[in-house]
Amino acid sequence: MLKGDFPVERFGGLRTPFYYYDLPLLRATLDTVQQQLDRNPSFRVHYAVKANYNPRILAEIAARGFGADCVSGGEIRAALDAGFAPEGIVFAGVGKSDEEIRLALEAGISRFNVESAAELEVIDSLAAQLGRVAPVSLRINPDIGAHTHAGITTGLAENKFGINYEQLDAVMDLSLRLPHVEYCGLHFHIGSQILDMSDFVALCNRINELVWRLQRGGRPVGDINVGGGLGINYQHPNHLPMADFEGWFEVFRQHLKLPRGTVVHFEPGRSLVAPCGSLIARVLYVKQGTHKQFAIIDGSMTELVRPAMYRAYHRVENLTSDEPEEVYDVVGPVCESSDVFVKEALIDRCRRGDLVAIRSAGAYGESMASQYNCHPLPDAFFFEG
Ligand code: LLP
């Protein structure tokens, strides 16, 4: 979507800031993933609901027959309401509450990705109370550092996620012994916004070692969930609107050495939904500071927290100006100095009332919005094409 392609004339009655979703791009992205799945019959995709649980977005993804990766009872409910089949829902998270576990058991989800022995015991006893057997995978901490922001790497030994290697055999034996859980496989996830495919190759090598070790010890392997993490290009959303799904799936196809027929699960979040979303905001004021010029917009860290929280870059475009570019710090109205979208960005000259698009905001944008400073949650506009 080039700058001129936004249907600005249809934004008239909408209160800014709002999320704009390009549904043709989302559908084209889902088609690309589907083509990859058609080529790799043992691969399954579970969309990571945390990236965006707007009901309309969820419904688009559910309609493709993809599964859902959920991290709370609320996400499981949102996935079910949007039409995801319970048999395609997997449930991860280090701190699943009893209520959430019961909900998942009653819904008949396909997998609990278990992160500790203590959690395994709780799932077993709650499943016993409900007369069920819970299908479980063990989430392993692979101790792999992904080349991404420190706040979004999850596969290092120092992170809170997963079961570490030393405990794996004991936790697996426990899962085989407990009567109300059924061991089904292994789960991994090394981090997010990963563009360096060698990180995923390292993950494959770790998985191969582990599978070999389990087989040698006479233990079962089951299926393998490699998590999500595929990054997108935030710098050039117009030229590169789609993540490299082909390269990503190819890494696992080439590098995983698994028993024939082993099912491999993927949990993409960002790569499916980030490119199709933009936060649309209005310029309130242009202000000259001592050393710089500010474009103060009505969108803020309450609608899109990523720049404030991770110093993440999102490209900003002025949709209603064709005047020569100037340099701006684009900032929001929230009373925090971190409420900055971008510093020293070249943007077509801004005037009060202009509409700007903060691009690639379809993932971890609306889903992380808050009401800080009593801001209302943003609305969404769906472009149908
Ligand atoms: N599976 C698990 C177990 C996860 O923890 C995550 C993301 C995913 C899959 C999906 O990862 P993705 O494909 O979206 O990279 N709020 C941060 C990202 C946090 C990611 C948390 N886990 C951000 O705005 O960059």
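Both counts, for ligands and for their atoms, begin at 1 and track the order of listing. Quick note: numbers below take in every heavy atom, side chains included, and nothing from hydrogens, waters or symmetry partners.
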NZ/NE/NH1/NH2 to OD/OE distance under 4.0 Å, R77 and E75: no

Go through it in stages, so that I can follow the logic: the residues are D31 and R64, the test is salt bridge (charged side-chain N to carboxylate O under 4.0 Å, His left out), and I'd like the CA-CA distance, side-chain angles, deciding distance and then a yes or no. CA-CA 9 Å; D31 287 345; R64 300 300 179 109; 2.7 Å; yes

Could you name each residue pair satisfying ring-ring contact (aromatic ring centres under 6.0 Å, His included) that touches residues 61-82, not counting sequence neighbours? none

Return each pair, listed once, that meets salt bridge (charged side-chain N to carboxylate O under 4.0 Å, His left out) where at least one residue sits in residues 87-99; pairs must be two or more places apart or across chains. K96-E119

Geometry only, no angles: is R139 polar-contacting ligand 1 at N/O separations under 3.5 Å? no

Quick one: does ligand 1 sit under 4.0 Å from the side chain of Y310, the backbone, both or neither, non-hydrogen atoms only? side chain

A student comparing K50, Q193, E115 should find that the heavy atom closest to atom 21 (C) of ligand 1 comes from K50

May I ask you to decide whether E384 forms a salt bridge with R27, counting only side-chain N to carboxylate O separations under 4.0 Å? yes

Salt bridge flag under 4.0 Å for residues R349 and D322: no

Is there a polar contact, in the sense of an N or O pair closer than 3.5 Å, between R306 and ligand 1? yes

Looking at ligand 1, is there an atom of it that comes within less than 4.0 Å of some heavy atom belonging to A51? no

Ring centres of F294 and Y285 under 6.0 Å apart? no

P268 heavy atoms within 4.0 Å reach ligand 1 at atoms 13 (O)

Please determine whether any non-hydrogen atom of A363 lies less than 4.0 Å from an atom of ligand 1. no

Heavy-atom contact under 4.0 Å between M309 and ligand 1? no

Considering both backbone and side-chain atoms of G269, is one of its nitrogen or oxygen atoms within less than 3.5 Å of a nitrogen or oxygen in ligand 1? yes

